[in-house]
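In what follows, a single structure is set out as structure tokens and then discussed.
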Protein chains: 2
Amino acid sequence: MAEILKVAVGAEDDGGLLSDRIRNALTDEIASGALVAGSALEEQQLADRFGASRTPVREALRQLVVSGLVEVRGRRGVVVARMTPERIMDMFETSAEVEAMCVRLATFRMTPLERSHLIELHESSLAMVEANDVDAYDAFNRTFHECIYSATHNSFMAEQAQDVRARLSAFRRTQLRQGDRIRKSRDEHDAIMQAIAEGDGDTGSRRMRAHMLNAAAALRRYIDDRFGRDGPPSIGDGPLPHE
Amino acid sequence: MAEILKVAVGAEDDGGLLSDRIRNALTDEIASGALVAGSALEEQQLADRFGASRTPVREALRQLVVSGLVEVRGRRGVVVARMTPERIMDMFETSAEVEAMCVRLATFRMTPLERSHLIELHESSLAMVEANDVDAYDAFNRTFHECIYSATHNSFMAEQAQDVRARLSAFRRTQLRQGDRIRKSRDEHDAIMQAIAEGDGDTGSRRMRAHMLNAAAALRRYIDDRFGRDGPPSIGDGPLPHE
DNA sequence: ATTCCCTCCTGTGTATGCGAATATCCCTCG
DNA sequence: CGAGGGATATTCGCATACACAGGAGGGAAT
């Protein structure tokens with residue numbers, strides 16, 4: 001009967017360790033942009049916020065360092081990872097290559113059930129584009145890519161792909177309504193689905209890479225527009241175009 | 001005067017944080033196989049071994065959890081990651097794809113200097129094969145692949161590739177002298193270098209994938225030979241063929 | 001003899017305390 | 001008026017202390 005409390009508090013909050021809950025909370029806040037890049041994370045302050053002591057906070061921060069979401073500054077505490085435009089482009093490119101890799105394997109290995117599920121999912125996105133429902137499209141997009149990861153039937157690769165994707169989510173989150181990127185995104189998804197349906201993994205792979213690189217190119221344009229050719233050495237709060 | 005003790009312990013031990021040193025030490029021991037998969041890691045015991053308290057040991061272990069090198073067993077402590085044969089094959093396949101990806105980009109982007117360096121490096125490996133010097137070849141092999149990562153001119157991708165490679169090193173380390181795998185490895189390197197020299201990134205990529213998958217296939221054969229078709233649910237101490 | 005339960009004990013999870021390193025601020029000197 | 005240096009204060013890194021969970025072992029009952 002006490003399980004009702006668990007549901008009431010939140011999704012999966014009290015099940016695990018305190019340090020895990022703090023880590024997950026911080027991950028969400030960084031990915032969502034609530035914690036902007038470069039902002040300092042003081043241990044005592046976080047401990048007060050979460051009603052815990054510094055020990056689990058420290059553990060959570062150390063784990064985030066390994067994940068690459070925060071950086072240590074000597075003995076001056078940790079800050080939300082402050083990435084250079086070059087590094088962001090590197091991450092986008094890596095993400096593009098990883099996604100392309102997954103599409104290729106997924107095309108060759110997905111079961112008919114998985115394929116039909118993916119097709120159905122893709123078709124459902126048309127209504128979101130028509131309604132210009134960016135939130136719904138964002139959620140769909142995440143599921144779409146995760147289905148492809150899963151269809152590789154390689155759980156390790158799926159985890160790696162999801163990790164890279166998670167690290168970029170902070171940049172993808174905001175400013176979805178940038179130009180007509182969503183409609184183009186859907187068109188590109190359509191071309192990818194075409195190749196998958198034909199069982200042409202290499203074509204699907206190339207199209208997925210182009211799909212992701214289109215977002216990166218739009219990002220580059222956006223950065224140049226906003227900061228000029230030689231902008232600030234680091235950014236982290238800028239909205240990015242949707243893939 | 002007490003600093004003499006610190007210097008006596010190791011080379012670059014006193015620079016960073018204590019938890020980092022412990023983490024690095026444990027990483028090496030896991031990768032080298034000194035700590036076999038499945039063995040429990042008790043905090044107090046490790047603290048005694050490193051002459052520290054449990055706090056930095058705990059932080060090191062939590063970081064290793066994120067890295068995927070160890071697993072938590074509820075409140076019963078952590079153990080060295082115990083991987084199933086399926087997961088190991090997944091990791092090998094992912095590694096193959098990642099390496100292929102890197103070769104492709106590196107071929108298109110490497111500078112003439114990098115190319116000549118890589119060629120020189122590759123040629124130096126011939127003597128090691130002739131002498132059947134597995135240790136030297138192992139060291140060369142690591143450098144060879146890292147040079148390719150670096151030549152992608154994408155630091156994030158290089159880090160990802162190195163991370164995957166590090167996770168597999170525990171399996172690559174032992175049993176290099178398995179059949180004539182080293183000579184075949186060198187031949188495959190040669191074919192890859194040929195494609196790189198011709199600027200044919202796609203061919204180099206395919207050859208690198210095949211190169212890595214050959215090692216995975218040999219691994220599969222080795223596992224089947226040793227444990228039979230339905231072997232134990234997990235392995236971690238078995239020597240693997242060299243890529 | 002086997003099984004169930006109780007107790008103890010080992011080990012993790014968290015809190016707190018202390019020393020050290022560094023940033024900050026103010027005072028003094030040029 | 002600006003710059004440099006020192007004292008203070010804040011915060012990190014590590015150690016120690018305490019609370020609780022889960023298992024091992026023994027004893028008793030069937």
Side-chain angles (χ1 to χ4, degrees), chain A residues 2-3 5-6 9-10 12-27 30 35 38-67 69-82, chain B residues 1-10 12-27 30 35 38-67 69-82:
Chain A
E3 281 76 8
L5 288 178
K6 290 167 69 174
V9 170
E12 51 258 331
D13 265 10
D14 71 348
L17 278 49
L18 188 50
S19 56
D20 285 351
R21 294 194 317 218
I22 295 173
R23 176 175 51 78
N24 290 331
L26 289 178
T27 298
I30 293 173
L35 286 173
S39 53
L41 298 174
E42 292 182 18
E43 295 178 358
Q44 186 59 53
Q45 165 190 328
L46 291 173
D48 294 342
R49 250 188 61 197
F50 290 104
S53 78
R54 280 177 50 218
T55 305
V57 172
R58 270 187 69 81
E59 291 188 358
L61 289 177
R62 293 303 164 184
Q63 292 176 35
L64 292 177
V65 170
V66 177
S67 301
L69 276 83
V70 304
E71 297 171 349
V72 292
R73 280 184 314 171
R75 277 183 147 86
R76 291 179 49 190
V78 304
V79 296
V80 178
R82 207 181 187 87
Chain B
M1 296 304 174
E3 281 77 8
I4 297 177
L5 289 177
K6 293 165 71 175
V7 178
V9 170
E12 54 255 335
D13 269 7
D14 67 354
L17 275 51
L18 188 50
S19 56
D20 285 352
R21 298 198 313 229
I22 296 173
R23 176 174 53 78
N24 289 333
L26 289 177
T27 298
I30 294 173
L35 286 172
S39 53
L41 298 175
E42 292 183 17
E43 296 178 357
Q44 187 59 53
Q45 167 189 327
L46 291 173
D48 294 341
R49 250 188 60 198
F50 290 105
S53 79
R54 278 180 53 218
T55 305
V57 171
R58 270 186 69 81
E59 291 186 358
L61 289 177
R62 293 303 165 184
Q63 293 175 39
L64 292 177
V65 170
V66 177
S67 299
L69 276 81
V70 303
E71 296 172 349
V72 292
R73 280 185 312 172
R75 277 185 147 84
R76 291 178 50 190
V78 304
V79 296
V80 178
R82 207 179 187 87

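Here is the naming used below: chain letters follow the sequence lines, and residue numbers restart at 1 for every chain.
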Legend entry - Selection from D:dA15, C:dA15, C:dA21 that lies nearest to any side-chain heavy atom of B:Pro56: D:dA15
Inset, instruction - Choose from D:dC14, C:dT12, C:dA23 the nucleotide whose nearest atom is closest to any side-chain atom of A:Arg76. - result: C:dA23
Inset, instruction - Answer yes or no: does a side-chain N or O of A:Arg54 lie under 4.0 Å from OP1 or OP2 of C:dT16? - result: no
Inset, instruction - Taking the side chain as every heavy atom from C-beta outward, state whether B:Leu17 and A:Val72 have any atom pair closer than 4.5 Å. - result: no
Inset, instruction - Provide, to the nearest angstrom, the distance between the CD atom belonging to B:Glu59 and the C1' atom belonging to D:dA15. - result: 12 Å
Legend entry - Rounded distance (Å) that lies between atom C1' of D:dA9 and atom CD of A:Glu42: 13 Å
Legend entry - Point-to-point distance, once rounded to the nearest 0.5 Å, from OG1 of A:Thr55 to CZ of B:Arg58: 8.5 Å
Legend entry - Side-chain N or O of A:Arg58 closer than 4.0 Å to phosphate OP1/OP2 of D:dG13: yes
Inset, instruction - Would you mind reading off the distance between A:Leu17 atom CG and C:dG11 atom P, rounded to a whole angstrom? - result: 18 Å
Legend entry - Protein-nucleotide distance (B:Gln44, atom CD; D:dA15, atom P), rounded to Å: 11 Å
Inset, instruction - Would you indicate which nucleotide in C:dT14, C:dA21, D:dA15 comes nearest to any side-chain atom of A:Ser53? - result: C:dT14
Legend entry - Nearest-neighbour nucleotide for the A:Arg75 side chain, C:dT12, C:dA21, C:dT14 considered: C:dA21
Legend entry - Salt bridge present between A:Glu71 and A:Arg82 (N-O < 4.0 angstrom): no
Inset, instruction - Find the distance A:Arg73:CZ to C:dA21:P and express it as a whole number of Å. - result: 19 Å
Legend entry - Student check: side-chain heavy atoms of B:Leu26 and B:Val70 closer than 4.5 Å: no
Inset, instruction - Drop me the distance from A:Arg23's CZ to A:Gln63's CD, to the nearest 0.5 angstrom. - result: 4.5 Å
Legend entry - Nucleotide nearest A:Thr55 (side chain, heavy atoms from C-beta), chosen from C:dT22, C:dG11, C:dT14: C:dT14
Legend entry - Spacing between B:Glu43 atom CD and C:dT10 atom C1', to the nearest angstrom: 12 Å
Legend entry - Whole-Å distance separating the CG atom of B:Leu18 from the C1' atom of D:dA15: 11 Å
Legend entry - Nearest-nucleotide pick for B:Arg62, side chain only, options being D:dG13, C:dG13, C:dT14: C:dG13
Legend entry - Atom-to-atom span, CZ of A:Phe50 to P of C:dT14 - whole angstrom: 14 Å
